[in-house]
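One structure below.
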Amino acid sequence: MAEERSLNFLEEIIDNDLKTGKYQTIVTRFPPEPNGYLHLGHAKSICLNFGLTVRYGGKTNLRFDDTNPITEETEYVESIKSDVRWLGFNWSEELYASDYFSQLYEFAVKLINKGLAYVDDSTSEEIAAQKGTPTVPGTNNTFRNRSIEENLNLFTEMKAGKYPDGSKVLRAKIDMAHLNMLMRDPVIYRIKHAHHHRTGDAWCIYPMYDFAHGQSDSIEQVTHSICTLEFVPHRELYDWCIEKLEIYPSKQYEFARLNMTYTMMSKRKLLQLVTEKHVTGWDDPRMPTLSGVRRRGYTPEAIRDFCDRIGVAKRENLIDIGLLEFCQRDHLNKITTRRMVVTDPIKVVITNYPEGKSEILTSENNPEDPDSGAREMPFSGELYIERDDFMEVPAKKNFRLAPGQMVRLKVRTLLSAKILLRMLPATLRNCVARIFQKVKVAPILQV
RNA sequence: UGUCCUAUGGUGUAAUGGUAACACUGCAGAUUUUGAUUCUGCCUUUCUAGGUUCGAAUCCUAGUAGGACAACCA
């Protein structure tokens, strides 16, 4: 039985929802926008969303939030899918917000019919100006009073492509004086005569995030819609849409995103690094993208362990990148086959080892893993050591090779005898040693 | 001069009204046929002030600090 760690706040909520019978089973989703590659921050979200249904049962969908055709591309869809798989997770269904464009459109019509949405001809500047500020209430404009019939006609015409980009938007009719800026008649549909990576040119109006995400969750009957803290103010609008549309009540929960020392975790900035060619691509090993760290040698196990250790909470955090490195070292230590290498060699001659003789010794491949087997290594009276491992004048606590000092060599022999090598008085140019006891000696390296 | 979220060692995360703990980092030591691993020890913690309570990290109020919110982005 594994050590039972304490629950994070989301697990507590779910635990409770299951116990009280609010849900029989849970549904989560991982909702990336296909406008960039996944990074370590996404890994946290993936591990969270998928981890929850691994733990509690239920299912996690992969849903692409593709409501903005300008920035989204199929290349990103493919990379995201492969990165999620690489991390070790399998989604139940592969879904797209764009799959729901028709339903979303009908939802908008429903809102209009309920007198809860209107077409606004204002420019974005005007809309921004009318919105007020966090401390100053916004103001109503004349378009707000359009009749349901007029709104219906206009919206239909918007869909039909009668108007150019930016000339009209559909807005939810809520409250221009609301304390929450997002509730001040948010734009829910805009005109974009743009090619969509999936729907092609079928649409020229596209829903905004706030009119697509919650509805998509609802359509999929997502029980726990988990997102990052910056969406906290959106929750009120999320709930409003679901309530007014009278659809399945998915619930949104927010957690703090991952921040890491010395690490840029903004998709926008990472994109900039790529487009301005400061890096060789999204998978440049210096990038914190999953494809980047993968190329760098990170393993999915290490990243999952990392996500497990950093926890999930609601306070802003800054994780020391050293923790990620620790997780990787920890995993590598368990799985890595050992090899010895000398990068800057100096030759050592063992003067009392029979000239011309050589023998084969064996060494285990990984002391942490008994199943990893062993390898054979040749050994003779000439070997090479790292230049840094020799000091003519040894420092305090030095246990490298130095004149007159003894060192042990790593080797696997059948003998349990101590294996000692004694340096004779020597210089770098004239580096010799002799076997000090009746021993077998292993090579320090092979070159 | 608004609303919302948050506040526990250096960094994270627990403790769910009843002895503040675990990991990472750092420092010291032991072991070591990888200066690795492993092991041991140490350093360091409840933002402030009130209140409720036998008892508060936990509940309440106020303050302070940090963050979010005024994209036809997500």
Side-chain angles (χ1 to χ4, degrees), chain A residues 3 5-9 12 31-36 65-68 70-72 97 120 122-125 127-138 165-171 178-184 186-192 205-210 212-213 227-236 254 256 258 260-261 267-268 306 308-327 329-330 332-334 336 338-340 363-364 366-368 388-389 397-400 407-413 416 418-420 439 441-442 444:
Chain A
E3 191 82 2
R5 69 167 168 80
S6 54
L7 272 40
N8 66 45
F9 79 102
E12 278 183 22
E33 183 188 9
N35 67 346
D65 237 337
D66 54 352
T67 56
N68 184 358
I70 309 292
T71 55
E72 296 153 3
D120 193 329
S122 307
T123 64
S124 60
E125 292 75 24
I127 289 176
Q130 291 158 7
K131 211 145 204 173
T133 71
T135 53
V136 177
D165 290 8
S167 59
K168 284 179 168 47
V169 290
L170 184 70
R171 291 228 257 169
H178 204 286
L179 289 173
N180 182 347
M181 295 288 292
L182 286 161
M183 299 295 275
R184 321 243 262 227
V187 171
I188 57 178
Y189 258 95
R190 74 291 214 185
I191 302 170
K192 277 181 193 281
I205 56 172
Y206 293 91
M208 297 286 290
Y209 166 86
D210 286 306
H213 199 99
C227 60
T228 47
L229 250 27
E230 66 264 34
F231 291 98
V232 168
H234 292 253
R235 190 174 61 230
E236 197 169 7
E254 311 87 10
L258 166 67
M260 220 163 60
T261 55
K267 246 207 263 187
R268 208 193 96 251
F306 173 71
D308 205 45
R309 285 170 185 266
I310 58 178
V312 177
K314 297 191 75 162
R315 65 189 95 119
E316 301 286 337
N317 59 80
L318 183 61
I319 308 288
D320 191 334
I321 196 170
L323 182 62
L324 210 214
E325 292 166 349
F326 165 81
C327 293
R329 269 185 268 117
D330 197 43
L332 249 22
N333 182 47
K334 293 185 177 75
T336 308
R338 269 58 164 178
R339 287 294 181 269
M340 288 178 278
S363 182
E364 61 198 343
N366 180 1
E368 301 287 324
D388 287 349
D389 286 336
K397 301 191 78 176
N398 170 64
F399 46 97
R400 308 173 191 205
V407 296
R408 290 182 209 180
L409 298 184
K410 173 171 174 57
V411 67
R412 283 278 138 181
T413 71
S416 58
K418 294 268 187 180
I419 293 149
L420 300 175
V439 293
V441 185
I444 286 180

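In what follows, chains are A, B, ... by sequence order, proteins preceding strands, each numbered from 1.
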Rounded to the nearest angstrom, tell me the gap between atom [atom1] in [X] and atom [atom2] in [N].
X        : N      : atom1 : atom2 : answer
A/Glu254 : B/rC4  : CD    : P     : 14 Å
A/Glu236 : B/rC5  : CD    : C1'   : 14 Å
A/Ile188 : B/rA71 : CD1   : P     : 17 Å
A/Tyr206 : B/rA74 : OH    : P     : 12 Å
A/Arg171 : B/rA71 : CZ    : P     : 11 Å
A/His178 : B/rC69 : NE2   : C1'   : 13 Å
A/Arg235 : B/rA68 : CZ    : P     : 18 Å
A/Leu182 : B/rA71 : CG    : P     : 10 Å

Taking side-chain hydrogen bond (donor to acceptor under 3.5 Å, both in side chains) as the definition, give me every residue that meets it alongside [X], ordered by chain and number, with sequence neighbours left out.
X        : value
A/Lys267 : A/Asn35
A/Lys334 : A/Asp330
A/Glu325 : none
A/Glu230 : A/Thr228, A/Arg257

Any sub-3.5 Å donor-acceptor pair from [X]'s side-chain atoms to [Y]'s backbone N or O?
X        : Y        : value
A/Asp120 : A/Lys168 : no
A/Arg338 : A/Thr336 : yes
A/Arg190 : A/Gly166 : no

Query raised in the report: Roughly how far, to the nearest 0.5 Å, is CG of A/Asp165 from CD1 of A/Ile191?
Result: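 Rounded to the nearest 0.5 Å, the CD1-CG separation comes to 7.0 Å.
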| message | Once rounded to the nearest 0.5 Å, what's the spacing between atom CZ of A/Phe306 and atom CG of A/Leu324? | response |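 Answer rounded to 0.5 Å: 4.5 Å.
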Between [M] and [N], how far apart are the [atom1] atoms? Round to whole Å, please.
N      : M      : atom1 : value
B/rA7  : B/rC47 : P     : 9 Å
B/rA15 : B/rU45 : C1'   : 13 Å
B/rU58 : B/rU6  : C1'   : 15 Å
B/rC24 : B/rU64 : P     : 39 Å
B/rU44 : B/rG26 : C1'   : 10 Å
B/rC4  : B/rU19 : C1'   : 37 Å
B/rG63 : B/rA20 : P     : 30 Å
B/rG41 : B/rU53 : C1'   : 39 Å

Just jot down the salt bridge (charged side-chain N to carboxylate O under 4.0 Å, His left out) partners of [X], sequence neighbours excluded, or say none.
X        : result
A/Arg235 : A/Glu254
A/Arg329 : none
A/Arg184 : none

Dump the pairs, protein N or O against N or O of nucleotides 10-15 of chain B, anything under 3.5 Å, distances to one decimal.
residue: B/rU11; atom: O3'; partner: A/Leu318; partner atom: O; Å: 3.0
residue: B/rU11; atom: O2'; partner: A/Leu318; partner atom: O; Å: 2.8
residue: B/rG12; atom: OP1; partner: A/Leu318; partner atom: N; Å: 2.6
residue: B/rG12; atom: OP1; partner: A/Leu318; partner atom: O; Å: 3.4
residue: B/rG12; atom: O5'; partner: A/Leu318; partner atom: O; Å: 3.4
residue: B/rG12; atom: O2'; partner: A/Ile310; partner atom: O; Å: 3.0
residue: B/rU13; atom: OP2; partner: A/Arg315; partner atom: NH1; Å: 2.8
residue: B/rA14; atom: O2'; partner: A/Ser6; partner atom: OG; Å: 3.0

Give me, pair by pair, the N or O atoms of the protein and of nucleotides 38-47 of chain B that are less than 3.5 Å apart, along with how far apart they are.
none

- Do A/Thr67 and A/Met208 touch side chain to side chain, with heavy atoms closer than 4.5 Å?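 They are not in side-chain contact.
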For this session: Check whether any side-chain heavy atom of A/Pro186 lies under 4.5 Å from a side-chain heavy atom of A/Arg171, and answer yes or no.
Result: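 A side-chain contact is absent here, since even the closest heavy-atom pair is not under 4.5 Å.
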Of the options [options], whose atoms approach the side-chain atoms of [X] most closely?
X        : options                : value
A/Ile127 : B/rG2, B/rC72, B/rU34  : B/rC72
A/Met181 : B/rA74, B/rC72, B/rA70 : B/rA70
A/Arg190 : B/rA68, B/rA74, B/rC4  : B/rA74

Select base, sugar-phosphate, or nothing to describe what [X] touches, counting heavy atoms under 4.0 Å on all strands.
X        : result
A/Asp65  : sugar-phosphate
A/Lys192 : sugar-phosphate
A/Val187 : sugar-phosphate
A/Ser122 : base
A/Thr71  : nothing
A/Phe231 : base

In 5'-to-3' order, the base (B), backbone-only (S) or no-contact (-) status of each nucleotide in nucleotides 58-65 of chain B, using a 4.0 angstrom heavy-atom cut-off, is --------
- Query: Which atom pair, heavy atoms only, marks the closest approach of A/Ala97 to A/Asp65?
  - Reply: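 Scanning both residues completely, I find the closest heavy atoms to be CB-OD1, 3.9 Å.
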query = Where is the tightest heavy-atom contact between A/Lys192 and A/Asn68, given as atom of each residue plus distance?
reply =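 Smallest heavy-atom distance, with atoms named: CE-OD1, 3.6 Å.
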For RNA chain B, the expected dot-bracket line (Watson-Crick or G-U under 3.5 Å, [ ] crossing, | inter-strand) is .((((((..((((....[..)))).(((((.......)))))....(((((..]....))))))))))).....
**Prompt:** By ring-ring contact (aromatic ring centres under 6.0 Å, His included), which residues pair with A/Phe231, not counting sequence neighbours?
**Reply:**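 Only A/Tyr209, A/His234 meet the ring-ring contact (aromatic ring centres under 6.0 Å, His included) criterion with A/Phe231.
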*At under 4.0 Å, does any side-chain N or O of A/Arg338 touch on OP1 or OP2 of B/rU37?*
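So the side-chain polar atoms of A/Arg338 never come under 4.0 Å of the phosphate oxygens OP1 or OP2 of B/rU37.
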key: A/Lys334 side chain near B/rA36 phosphate (N/O to OP1/OP2, under 4.0 Å)   =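 Answer is no, no contact under 4.0 Å.
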5' precedence on RNA chain B between A/Lys131 and A/Asp210 (nearest-nucleotide basis):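 That would be A/Lys131.
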Does any donor-acceptor pair link the side chain of A/His234 with the base of B/rA68 at a separation under 3.5 Å?
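Such a pair does not exist between side chain and base.
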